[in-house]
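Worksheet: one structure, shown below.
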Amino acid sequence: MDKKIIFLGLNELNFEYIEYYIDKGFLPNIGKIINKHGYQETASESEYKLLEPWIQWVTIHTGKTFKEHNIFRLGDIVNNKDVKQFFELIEDRGYSVGAVSPFNADNRLKDPSFFVPDPWTKTEASGEKYLKAAAKAVSQAVNDNASEKISLNSIISLLIGFIRTVPISKYSQYLKLASQIKSKVGIKAILLDKLLGDFFIKSWSQKKPDFSLLFLNTGAHFQHHYMFNSLAYKGKLKNPEWYCPESQDPLLLILKEYDMIIERLLKKGTRIIICTGLHQKPHSKNTYYWRLNAHKNFLEEEMKIKGIKAVTPRMSRDFLITFESKEQALEAQNALEEYKAKKDNQRIFEVDNRGFDLFVELIYADDIQNLFEIVGTKTISEFKKHVSFVAIKNGEHDGIGYYLDTQFVKNKSKERIPLKNVFEKVMNTFP
């Protein structure tokens, strides 16, 4: 093998579940590399609120703990240029770098082989014109997923990206998945990760960068929201049949897709690192996730919040509001924090004030029915019209993650390594 590294981020996946599926005869390629190379556990933060993937992937990218890099929210890396990532550090040493969907990463490369940002981080895409257009389309599709809106321009850009990157021999796989969109849960998300995989493999084959990273998130999403449907889950909780039929296992479906991607990466003949950052454990109760539909319109027209310059959706239920002044941001914070559900007096929003910006989470976690009222600076009597159901929480974060490296023979050590040490393992390859 040469010095090139393909770094595959399989966000938050449970290797315990993966090994269960391997034992049942699934995932032959993942099984092959685990049997040959083994893996190590990684350990991250001890404080639960810091066990967020957008924090821990910054730790991987920088070799710094949260206390050292201080990046707490998704997208915040773009405002912290002094926090150096291995992408630009490797390039500064004279090596070529490419990435597809690196989580909470800023594109600071001078001459990237390719760079497709994650859908939530506002940084520049690099590469061929179709790839940059597809990156913009993916962001629009992901951020409007809850309301199932995708623009015509995004559809066209994704189709062009598909035609330019997907081998004709793989078309039948996409058609088979697309035919199941109405009958199976999570197919759109599977198609997205499959397409990101093809973007990466096509771009890598053209440029063959010394260091490259592909980050895939659908597995984490499925564990968060459909873990109770997994064959590997042995708990007692079940998802409602209307939400995910008992006969379906979305996690197995996405792991099969990852297994096929890994098969293609192994054929590149280069070193492969697989890292999860975290893993998940089963959640103990039913918790609903909701997302505002038209964020800016709701805040201005329904809540009468003034001075908004922009609203940027983040993952799931989160969004960032930028104001014209700190005073207007503080006034809006006070208004948002006042709102509670009339039926049970539970808070609707949690707010992190950063001066001109507010990072807001829609934290109400119960069901929202018609005529659901929220009460604050005014009463909003039909809140249900302004939100979309996202999911029911099944999995929650755990600080233990996994690291697999095809450079090494099977690792029998049970010693956990600090997650930040993954950075050093990468950087040592590029002196």
Side-chain angles (χ1 to χ4, degrees), residues 1 3-45 51 53 56-57 59-61 63 86 102-103 193 197 200 211-220 222-223 227 230-233 251-252 254-282 395 397-429:
M1 288 190 179
K3 274 192 163 185
K4 296 182 188 296
I5 292 179
I6 294 175
F7 192 117
L8 179 59
L10 297 180
N11 193 31
E12 300 177 20
L13 287 186
N14 293 5
F15 269 37
E16 177 187 357
Y17 284 22
I18 288 174
E19 290 182 305
Y20 173 89
Y21 288 122
I22 291 170
D23 289 343
K24 294 298 181 182
F26 303 110
L27 316 180
N29 299 292
I30 300 176
K32 180 167 62 177
I33 58 175
I34 287 179
N35 288 334
K36 183 176 180 180
H37 302 285
Y39 60 84
Q40 280 187 288
E41 292 185 348
T42 60
S44 54
E45 311 287 344
L51 297 181
Q56 299 310 319
W57 280 93
T59 291
I60 292 170
H61 299 159
F86 55 30
F103 202 36
D193 268 11
F200 177 84
F211 176 72
S212 56
L213 184 147
L214 169 63
F215 177 89
L216 299 172
N217 190 61
T218 293
F222 282 1
Q223 286 185 170
M227 183 185 285
S230 170
L231 295 171
Y233 168 71
L251 180 59
L252 177 56
I254 189 60
L255 290 178
K256 286 181 176 179
E257 292 298 328
Y258 291 169
D259 195 70
M260 288 189 286
I261 290 172
I262 287 170
E263 180 182 27
R264 296 171 69 190
L265 295 180
L266 286 171
K267 292 178 180 177
K268 303 300 179 186
T270 190
R271 178 181 172 189
I272 296 174
I273 292 174
I274 298 175
C275 195
T276 71
L278 303 164
H279 85 283
Q280 296 177 25
K281 59 186 178 183
H397 295 136
D398 187 288
I400 303 304
Y402 306 98
Y403 174 87
L404 188 158
D405 192 332
T406 62
Q407 177 174 275
F408 302 109
V409 295
K410 189 165 186 178
N411 187 349
K412 298 183 183 298
S413 171
K414 298 298 182 182
E415 182 182 356
R416 290 174 183 160
I417 60 172
L419 185 63
K420 72 173 188 176
N421 287 12
V422 173
F423 171 88
E424 184 180 3
K425 289 177 180 291
V426 171
M427 294 301 299
N428 285 344
T429 307

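Model, not experiment: these values are computed from the prediction.
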Could you report the tightest heavy-atom contact between [X] and [Y], atom names first, then the distance?
X	Y	answer
Tyr403	Asp405	OH-OD2, 2.7 Å
Pro53	Glu12	CG-OE2, 3.1 Å
Gln40	Lys425	OE1-NZ, 4.2 Å
Leu51	Ser44	CD2-OG, 3.6 Å
Cys275	Val422	SG-CG2, 4.2 Å
Tyr17	Leu251	CD2-CD2, 3.8 Å

Margin query: With a 6.0 Å cut-off on the ring centroids, do Phe15 and His279 count as close?
Written below: no

Check: Are the aromatic ring centres of Phe408 and His37 under 6.0 angstrom apart?
Finding: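 So the answer is no for these two rings.
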
Check: Should the pair Phe86 and Phe211 be assigned to parallel (<30°), tilted (30 to 60°) or perpendicular (>60°) ring geometry?
Finding: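 Answer is perpendicular, since the angle exceeds 60°.
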
Next item on the list: Answer yes or no: is there a side-chain heavy-atom contact under 4.5 Å between Ile34 and Glu19?
Entry: yes

Next item on the list: Using a 4.5 Å cut-off on heavy atoms from C-beta on, say whether the side chain of Ile6 contacts that of Phe200.
Entry: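 Sidechains of Ile6 and Phe200: in contact.
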
Note to self: With no hydrogens and no angle check, just 3.5 Å: does a side-chain donor-acceptor pair link Tyr21 and Ser230?
What the structure shows: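 Checked: Tyr21/Ser230 side chains pair up, N/O donor to acceptor below 3.5 Å.
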
Margin query: Looking only at side-chain N and O atoms, does Asn14 offer a donor or acceptor that is under 3.5 Å from a partner on Tyr20?
Written below: no

Hey, does the side chain of [X] reach the backbone of [Y] with a donor-acceptor pair shorter than 3.5 angstrom?
X	Y	value
Thr218	Asp193	no
Thr276	Tyr402	yes
Asp259	Leu255	no

Check: Rounded to the nearest 0.5 Å, what separation is found between the CD1 atom of Ile262 and the CG atom of Asn29?
Finding: 7.5 Å

